[in-house]
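I have placed the structure first, in the form of structure tokens, so that the comments after it can refer back to it.
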Amino acid sequence: MKMFSVSHKTVFVVDHCPYMAESSRQQVECDVLTKSRAHGVIPLAPVSKSLWTCAVECSMEYCRILYDIYPKDKLVNYIVSDSEFHILNTWRQDNQSTHELMSALAAVGPPNPREDPECCSILHGLVSAVESLCKITELQHEKRTALMDTAERVSNRGRIICLTNAKSDTHVRMLEDCIQETILEQNKLAAGSDRLMAIQQCDLVLVHIYPQGEDTLVSDRPKKEISPLLTSEVHSVRAGRHLATKLNILVQQHFDLASTTITNIPMKEEQHANTSANYDVELLHHRDAHLEFFKSGDLHMAGTSTRENGLKETITLKWCTPRTNSIELHYCTGAYRISPTDVNSRPSSCLTNFLLNGRSVLLEQPRKSGSKVISHMLSSHGGEIFLHVLNSNRSTLEDPPSISEGCGGRVTDYRITDFGEFMRENRLTPVPESSHHPSGKLPVERAKAQLERHTRYWPMIISQTTIFNMQAVVPLANLIVKETLSEEDVLTCQKTVYNLVDMERKNDPLPISTVGSRGKGPKRDEQYRIMWNELETLVKTHAGATERHQKVLDCIIACRSKPPEEEERKKRGRKREDREDRTEKNGSKDTEDKSWQESDRLKGLLDKDDQESEVIKDSPDSPEPLIKKPRLSTEDAQPPERAKGPVSLLSLWTNRITVANSRKHQEFVGRVSSVNNKFELYQQLKEENGMEVHENGKASR
Amino acid sequence: MPTVVLMDVSLSMTRPVTVDGTEEFQRKNLAVHGLNMLFEHMASNYRLEFTSLMAFSSLWELLVPFTRDYNALQEALSNLEDYDKTCVESALQGVSNVVQQEWGSACPCQVVLVTDGSLGIGKGSLRHSLQTLKQRGDDKKFPLPFPFPTKLFIMCVANAEELQMTDAMDNLEELLILSGGDGQIFTMEGPLCMKSVQAMFGRLIDHAYSPFHAVLHCGNLSSDVQVFPRPEPVVMDEEVEPMPRTVNTDLEIVGFIEIADISSPPVISRHLVLPTAPNKEVDDLGTGTTDELEEEPSASQMAGKSPNFCVLLHGSLKVEGMVALVQLGSEWYGMLYSQADSKKKSNLMMSLFEPGPDPLPWLGKISHLGPISEAAENPYGEDDSKSPFPVQPQAKRSYAQNVTVWIKASGLQTDVQKILRNARKLPDKTQTFYKELNRLRKAALAFGFWELLKGVADLLERECTLLPDSAHPDAAFQLSHAAQQLKLASTGDSQYAAFDHNIAPMHTDFSS
């Protein structure tokens, strides 16, 4: 359906002339006496609705279904006509509700039978309806403004549903002519106005209502074109049940609706709570929910039945009692709002309440034979019930290559849990449209900006990072990504840094653990250098944000231990160092990747056991060559690109062993600081550390 | 989007092509050459596409059912035989059957019709089919348009001039329009030879079978990906927005949502997101210099071992049961999630929502979804016990409020009985009694049904006289008060008949 099809604007024009006060002659017995009370009580005489009451309640039912299925952008303007016209609401969205209309109708009241019939006419209302169709709606205005140069793409079409009691076919023709003339007049007016639009198409649906037991004076007529601007159709209907059915059919035609009957709904009996019977409930919804059936010509297979007057079709789907409340992402090709045809019947309200309480129901196509096909699902979202269309055909995406076979599929130490945590922090929440952010950016843009900040430094695999494997860094890592920092945040960050300094002073082990099996790994201070570098890289990416971010970086630079020559290098400009840092990172990663491949052959020989285990806490960073050199001279001797130098077989082998061993245990302090593989026990360590040495030592051999 | 190749094997396809060279070709050879080229392209760049091969003359035959085995397709091509005359209509009917049997009627399909533009003679010819289009019963309808969305590509082993000399071109154009207009007619440029047939199929490949490469971004993390099948341009409203919308080649993640919150949203299409090896020229984060490698392992091996963002994202989405909301263009969004097939293979999948600012009513406007860090308190609660979704609509639907509908007599009777039932239990049920009474009063006033108000007033008065001696004295007071108020309302007197006015219980002093 186009956005501005005839269905965008519907004007109801309801006759309020004295003859509409006449009884429909359909009587309703509202005093249903129970057997026990039947003695001696005279039952109340049945009541009967007037033609007016019939017209109003059926039009309200039309609107109820319309608003249930199209809460937006399908608008109704309600006009009542007697000696003058009364416009009960406007096109505005906040005027679009049955409650609003009923309140206005109550103020109008039933027609006054004593009013002079000569002064009264439906024409007042029809003229006003045409005028109303020329008035621009909020959506038309919005789109015209948005489209600017191509504003002419916004059309103005509409429908007039006139509920009246016409006198004859000639009378009907007179009404049509009058509408045609009014359209021409109004279009001229509209041409010169900003708030009015010329009518491009108007469909008149004239419903002639007459009391039960009378003969109609007006004949039915299918849709015909009166002029290029106006089409007209006439329905002659008896008041009461027939009128209700007619308007139900019309609302389906006008808004592309279709009907589904849910069958086999188990429901507790009111009288006998422990038995249940099966009920059917009919729902209306957009007809695209049946697209598959229509197209494949499967209507009959899917259990269509034609009922009553042969105009109304419904498709039957079977209720499947939900077993679990498991959360699943179904492949759903459409979701359409529903409205029950008989909204306050007990089966309907049982079904809708069940759904509104948050349960979903799968629906099955009844088939005589063959497998069970689930084709639809009923589910409520925020108090609205939707009929979801589930795909029941073969998928064209079946049997795809698994993600583990593609790029990056063989890497096993992704930081899956950390990224999960990252996703939780970057979940979304609705922000009221009224709230304004100082940045002037839309919430979704701010969400993207947050993602950008959070990913400035985010190593994807465990073995690429030290700091994110350290509990001690967490407070700083969580805070530094924030857009702004409070003084308190800065303090927390500084505390984290001091804590690290403290750790370094105490020579605490780091999860870096690239310790050579025979004491050939990086020295403890080398590990700390790697850690500090990484931390600096992380904070540097944020330092430019605010002064407080810079403060954190300053703190790190001030506190970290650094060989003097590195300080010197710093002076040569931060930019350069940034680059170096990066190449250093990439370089080291590369080395490692290569060494991994090289040693793949050896993989089988070494630790076949828990190789795949994902909870590696201390994975190695790649050791840098030349670490064996005296500490102070190392930095000087290294050109920045040193990591790219050829790797000897020995160091590859050592690496491999290191990796293998370090996966099994946390390297103990003794070996790290050993000299020539010798270490004096109980020197400055507590006894339990010493014990660990023994145990781990055994385990690794 | 599966493909059906419909190959004309009528006698006219065996017409020789006049080439100066030594070898003599038939048009069929040219067509087969072109199709081989297409199949080779698909095998290397589009290999997840399901393709089937049908041959037709006056009859049609399914040579290869839908498959990804391009060798089988090529082999079938090499074994084509020659038959009688061209009959497009029956062949299209065959396509319709074959596709629907395999994929149902909702799955979009591409049909590649390969012909020489000589479209048969007499009954069964395309000309005859099109001329008799309007004189058919329901049982003998022309197969176009197909029930499923179709792209029809007509590959003519002939040049445009040749086709325009007869009405062949007009007929083919009409065929294209009948199919829904989505597609194209390709003809050969220059002399009929291998080179020009290659050029023609090259144009088809560029138009319909070029893989869709994009970059998936999540802040500074990114991955090169192929999206399969290619996302097709979408026209939302041909009147207001006639230009089709296309998916950006930069797919930007905007945030994450729980599967339970997104709750099986409707999507217009689904696509695999396959990470591709990063382009060598692009020095992306993480791809260092590779020059000092002594011996390069195969590219795919390398790619498998360098970390890829897609794999990380997929793993975490799967573990956490979440989806990533991804922006595809201006006011167009989709979601990324982990999808496992029956064999426990799992994949990163992308589904596209309908273009527009609020494709899912229960999420609200997507542009108004912001980071949770901005909220005063975590909308998910400290222990993930809450959720800000679904977004509640402003107005309740009819079934979620207690609406009054009296179209069926039973509706009215139930409402009256409810009042009477409560009337007999006064004063215990005073609240419910008045609530039901006021509901009925409101509806009766709106519907102009004053007669009912009088009727119910009478009923209440009768109830009053029927009260047993043991009844609470308050009951009688409330009943006659209610009856009187209804009668007043039924006069239409604005003082008593206001819609928003409610009848309040009578204040009595029996409360002790």
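Small disclaimer: the values here were computed from a predicted structure and weren't measured.
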Please give me the minimum heavy-atom distance between [X] and [Y], naming the atom from each residue.
| X | Y | answer |
| --- | --- | --- |
| Asn347(B) | Ser402(A) | OD1-CA, 3.9 Å |
| Val405(B) | Asn344(A) | N-ND2, 3.2 Å |
| Ser105(B) | Asn393(A) | N-ND2, 4.2 Å |
| Cys407(A) | Ala277(B) | SG-N, 3.3 Å |
| Asp500(B) | Ser103(A) | OD2-OG, 4.3 Å |
| Pro361(B) | Glu384(A) | CB-OE1, 4.2 Å |

Quick one: what part of [X] sits under 4.5 Å from any heavy atom of chain A, side chain, backbone, both or neither?
| X | result |
| --- | --- |
| Pro379(B) | side chain |
| Lys408(B) | side chain |
| Glu252(B) | side chain |
| Lys365(B) | side chain |
| Asp261(B) | neither |
| Phe50(B) | side chain |
| Ala400(B) | both |
| Glu49(B) | neither |
| Ser223(B) | neither |
| His368(B) | both |
| His217(B) | neither |
| Phe389(B) | side chain |

Answer yes or no: is there a side-chain heavy-atom contact under 4.5 Å between [X] and [Y]?
| X | Y | value |
| --- | --- | --- |
| Glu320(B) | Phe419(A) | no |
| Lys49(A) | Leu452(B) | no |
| Trp450(B) | Thr53(A) | no |
| Thr396(A) | Cys107(B) | yes |
| Arg397(B) | Tyr67(A) | no |
| Asn220(B) | Trp458(A) | no |
| Thr333(A) | Pro266(B) | no |
| Gln394(B) | Gln93(A) | no |

With chain B, the option among Ala244(A), Pro340(A), Pro111(A) that has the most non-hydrogen atom pairs under 4.5 Å is Pro340(A)
Is it the side chain or the backbone of [X] that comes within 4.5 Å of chain B heavy atoms, both, or neither?
| X | answer |
| --- | --- |
| Ser392(A) | neither |
| Ala335(A) | both |
| Ile385(A) | both |
| His330(A) | both |
| Tyr331(A) | side chain |
| Gln450(A) | side chain |
| Asp342(A) | side chain |
| Val343(A) | side chain |
| Gln27(A) | neither |
| Leu329(A) | both |
| Ile65(A) | neither |
| Glu405(A) | side chain |
| Ser48(A) | both |
| Thr150(A) | neither |

Arg346(A) and Thr414(B): side chain donor to acceptor below 3.5 Å: no
- Decide yes or no on side-chain contact (heavy atoms from CB on, under 4.5 Å) for Val240(B) and Lys2(A), but give the supporting numbers first. CA-CA 8 Å; Val240(B) 179; Lys2(A) 286 182 202 150; over 6 Å; no
>> I want to know whether His99(A) and Phe499(B) have ring centres closer than 6.0 Å.
In response: yes
Between the side chain of [X] and the main-chain N/O of [Y], is any donor-acceptor distance below 3.5 Å?
| X | Y | result |
| --- | --- | --- |
| Glu239(B) | Met3(A) | no |
| Ser316(B) | Ile416(A) | yes |
| His314(B) | Ile403(A) | no |

Given the rule in the side-chain contact (heavy atoms from CB on, under 4.5 Å) test, do Tyr414(A) and Leu313(B) qualify, once you have shown the distances and angles that lead to the verdict?
CA-CA 10 Å; Tyr414(A) 284 108; Leu313(B) 175 69; over 6 Å; no
Practice item. Determine, for Asp384(B) against Arg427(A), whether the closest basic-nitrogen to carboxylate-oxygen distance falls under 4.0 angstrom. Key: yes
Of the listed residues ([options]), which shares the most heavy-atom pairs with chain A below a 4.5 Å separation?
| options | value |
| --- | --- |
| Ala375(B), Ala409(B), Ala260(B), Ser346(B) | Ser346(B) |
| Glu258(B), Gln401(B), Lys454(B), Glu354(B) | Glu258(B) |
| Leu317(B), Asp415(B), Leu274(B) | Leu317(B) |
| Asp237(B), Val416(B), Asn378(B) | Asp237(B) |

Quiz item: With under 30° as parallel and over 60° as perpendicular, where do the rings of Trp362(B) and His381(A) fit, or are they tilted in between?
Solution: parallel
Trace of the side-chain contact (heavy atoms from CB on, under 4.5 Å) decision for Met349(B) with Leu397(A): CA-CA 10 Å; Met349(B) 195 84 108; Leu397(A) 297 177; 3.9 Å; yes
Quiz prompt | Cation over ring face, Arg424(A) and Tyr380(B), 6.0 Å, 45° | solution = no
- Message: Could you check whether Arg394(A) makes a cation-pi contact with Phe66(B), meaning its NZ or CZ is under 6.0 Å from the centre of the six-membered ring and within 45° of the ring axis?
- Response: no
Quiz item: How far apart are the C-alpha atoms of Cys218(B) and Phe422(A), what are their side-chain angles, what is the distance that settles it, and do they pass the side-chain contact (heavy atoms from CB on, under 4.5 Å) test?
Solution: CA-CA 11 Å; Cys218(B) 174; Phe422(A) 167 90; 4.0 Å; yes
